[in-house]
Amino acid sequence: MNLHEYQAKALFSEYGIAVPPGKPAFSVREALAVAAELGGDEWVVKAQIHAGGRGKAGGVRKAHGQDALEAAVDALIGSRLVTHQTGPQGQPVDRMLIEQPCPVARELYLACLVDRRHERVAFIASSEGGMDIEEVAARSPEKMMRLLIDPVVGLQAYQCRRVAFAFGLDAKQAAALTKIMFGVYRLFVARDLSLVEINPLAVTQTGELVALDAKINIDENALYRQKATEDLRDPSQEDAKDHKARQFGLNYIALDGDIACMVNGAGLAMATMDLIKLHGGRPANFLDVGGGTTTDKVAEAFKLILSDANVKVILVNIFGGIVRCDLIAEGIVSAIREVGISIPVVVRLEGTNVERGRALLAESGLHIIAAEGLTEAAQTAVAQAQTA
């Protein structure tokens with residue numbers, strides 16, 4: 001789960017990380033009110049989307065005077081901003097961040113993330129921050145500094161001093177950087193984050209260190225204990241199907257094929273997709289309904305699948321371990337009748353009470369094609385899609 005910049009900066013402030021004065025605005029009127037509250041006659045207008053590259057795409061603008069501010073907000077809000085991270089469809093802009101400008105002398109880079117290879121939280125730092133940080137990492141990887149944090153003792157002051165020395169900071173700035181890094185680490189651990197990125201971390205013309213930008217990603221596996229953070233989710237920045245699937249506890253990823261898959265278990269779902277590809281078909285999605293699936297979840301899964309106009313066939317592959325196959329079969333029959341499916345449905349059941357489950361499908365009177373093995377099910381689904 002991602003946060004908007006203004007949400008991330010609010011969390012930064014809670015943990016003692018300096019940010020420029022600013023507030024979000026959801027309309028031109030609110031933007032003018034925020035500007036009046038901030039004071040001055042120049043402001044920075046930032047489109048709030050879950051993607052990087054806003055500056056190069058025109059999503060970050062300076063406005064001198066209220067007329068320029070109004071024009072900048074009016075041009076951005078309600079638009080779709082296309083960056084190198086959004087793809088050609090862009091992301092909707094329905095809110096802005098209005099900030100006071102900050103006179104920048106240098107731009108640094110600082111991030112905290114999970115290093116899976118070393119099984120540690122790590123800090124990444126570079127003396128060359130800003131919009132081209134990806135190019136710096138690719139062109140000059142030696143300029144990217146990595147610090148691994150021991151999970152027992154946590155971040156240490158000497159590690160912060162190493163970064164400050166690499167940045168060429170003076171003693172006062174080194175102390176400020178240490179405060180920022182400890183704030184980032186506390187935030188990272190306390191809020192179950194997977195990424196904190198400050199790019200740029202600015203050294204102002206007066207020598208202060210300020211987080212000009214803020215990016216936070218949250219580990220969704222921990223949202224059950226981060227309810228306040230979960231409330232910050234912005235569904236408008238997510239794929240509509242993904243958002244609906246999440247509401248019903250479904251793991252769904254849309255693909256570009258025409259054979260929809262409904263499977264219980266991520267590993268089984270991957271194997272199902274592999275077999276479809278092996279036999280010449282193209283999966284339309286990854287859809288894991290979970291081990292303890294119910295009739296309601298199956299019905300919602302069918303609705304989600306049918307919202308894709310490219311789907312020609314549905315392949316249901318269920319292993320009845322946690323739940324019995326006869327209960328799954330009842331759910332499939334009930335869901336098909338509720339949703340009203342007109343395309344072929346291939347069903348493969350295996351596990352507890354499988355014979356009873358297959359009998360229920362056969363007795364339903366619905367156009368359900370039963371398959372005993374996964375290979376048979378995949379071959380049947382591919383054949384149905386090719387003749388559809």
Side-chain angles (χ1 to χ4, degrees), residues 1-8 24-28 31 44-63 71-98 109 111 113 129-139 194-195 197 199-200 212-218 220 232-247 250-261 269-270 273 276-277 281-287 303-312 385:
M1 172 182 157
N2 300 327
L3 296 185
H4 285 298
E5 178 188 355
Y6 76 91
Q7 296 168 326
F26 294 79
S27 65
V28 172
V44 179
V45 179
K46 295 184 171 184
Q48 298 297 283
I49 62 171
H50 289 173
R54 294 173 300 165
K56 289 184 176 181
V60 179
R61 308 182 184 186
K62 283 188 176 181
V73 174
D74 187 57
L76 287 171
I77 205 155
S79 68
R80 296 188 72 90
L81 187 64
V82 179
T83 78
H84 69 279
Q85 292 187 5
T86 64
Q89 76 284 356
Q91 287 283 73
V93 180
D94 62 8
R95 61 196 75 185
M96 314 296 299
L97 173 60
I98 312 300
Y109 177 86
L113 47 81
M131 289 190 293
D132 297 321
I133 187 62
E134 292 90 351
E135 295 179 16
V136 173
R139 182 182 69 252
S194 57
L195 172 69
E197 184 180 66
N199 184 35
L212 283 196
D213 198 1
K215 181 177 181 179
I216 286 180
N217 294 349
I218 302 162
E220 293 205 357
L232 300 176
R233 184 188 294 276
D234 180 4
S236 73
Q237 297 295 307
E238 301 175 351
D239 181 85
K241 295 177 184 176
D242 292 347
H243 179 66
K244 186 174 182 180
R246 189 179 295 108
Q247 289 180 308
L250 303 170
N251 296 307
Y252 176 86
I253 299 173
L255 301 173
D256 59 359
D258 54 12
I259 301 176
C261 306
M270 294 297 292
M273 295 164 60
I276 290 173
K277 289 288 290 183
R282 296 183 305 128
N285 63 270
F286 169 97
L287 176 54
K303 292 176 184 177
L304 197 60
I305 285 170
L306 293 173
S307 65
D308 184 348
N310 294 323
V311 171
K312 298 178 180 179

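Atoms considered below: every heavy atom in the structure, side chains included; atoms not considered: hydrogens, waters and symmetry mates.
Between the side chains of H4 and D234, at least one donor N or O lies within less than 3.5 Å of an accepting N or O.
Note: K312 NZ to R282 CZ = 7.5 Å, rounded to the nearest 0.5 Å. Here CZ of F26 is found 8.0 Å from CD1 of I77. Values are rounded to the nearest 0.5 Å. Taking CD1 of I98 as the start and CZ of R95 as the end, the distance is 13.5 Å to the nearest 0.5 Å. Annotation: the span from L255 atom CG to N310 atom CG amounts to 11.5 Å, rounded to 0.5 Å. Taken to the nearest 0.5 Å, the NZ atom of K46 stands 6.0 Å off from the CZ atom of R54. Here the CG-NZ distance, from L3 to K215, works out to 11.5 Å after rounding to the nearest 0.5 Å.
By the 4.5 Å heavy-atom criterion applied to side chains, M1 and L232 are counted as neighbours. Inter-residue side-chain proximity for I49 and T86 is flagged as met; some heavy-atom pair is nearer than 4.5 Å. You'll find the side chain of D213 reaches within 4.5 Å of the side chain of P200, heavy atoms only. Side-chain contact between M96 and Y6 is absent, with no heavy atoms from C-beta onward closer than 4.5 Å.
Of all heavy-atom pairs spanning A269 and F286, the tightest one is CB-CE1, 3.5 Å. Nearest heavy-atom pair, V45 versus A63, reported as atom, atom and distance to 0.1 Å: CG2-CB, 4.3 Å. I259 approaches G281 most closely through the heavy-atom pair CD1-CA, 4.2 Å. For the pair G53 and H84, the tightest heavy-atom approach, listed with the atom from each and the gap, is CA-CE1, 3.6 Å. The two atoms that bring A8 and A214 nearest to each other are CB-CB, 3.7 Å, heavy atoms only.
Between the side chain of Q85 and the backbone N or O of G52, at least one donor-acceptor pair lies under 3.5 Å. When atom types are taken as modelled, the side chain of E5 and the backbone of Q48 share no donor-acceptor pair closer than 3.5 angstrom.
The salt bridge (charged side-chain N to carboxylate O under 4.0 Å, His left out) check on K277 picks up nothing, with sequence neighbours excluded.
Checked against L195 for a side chain to side chain contact (heavy atoms under 4.5 Å, CB included), the options I218, L113, I216, N2 give a single hit: L113.
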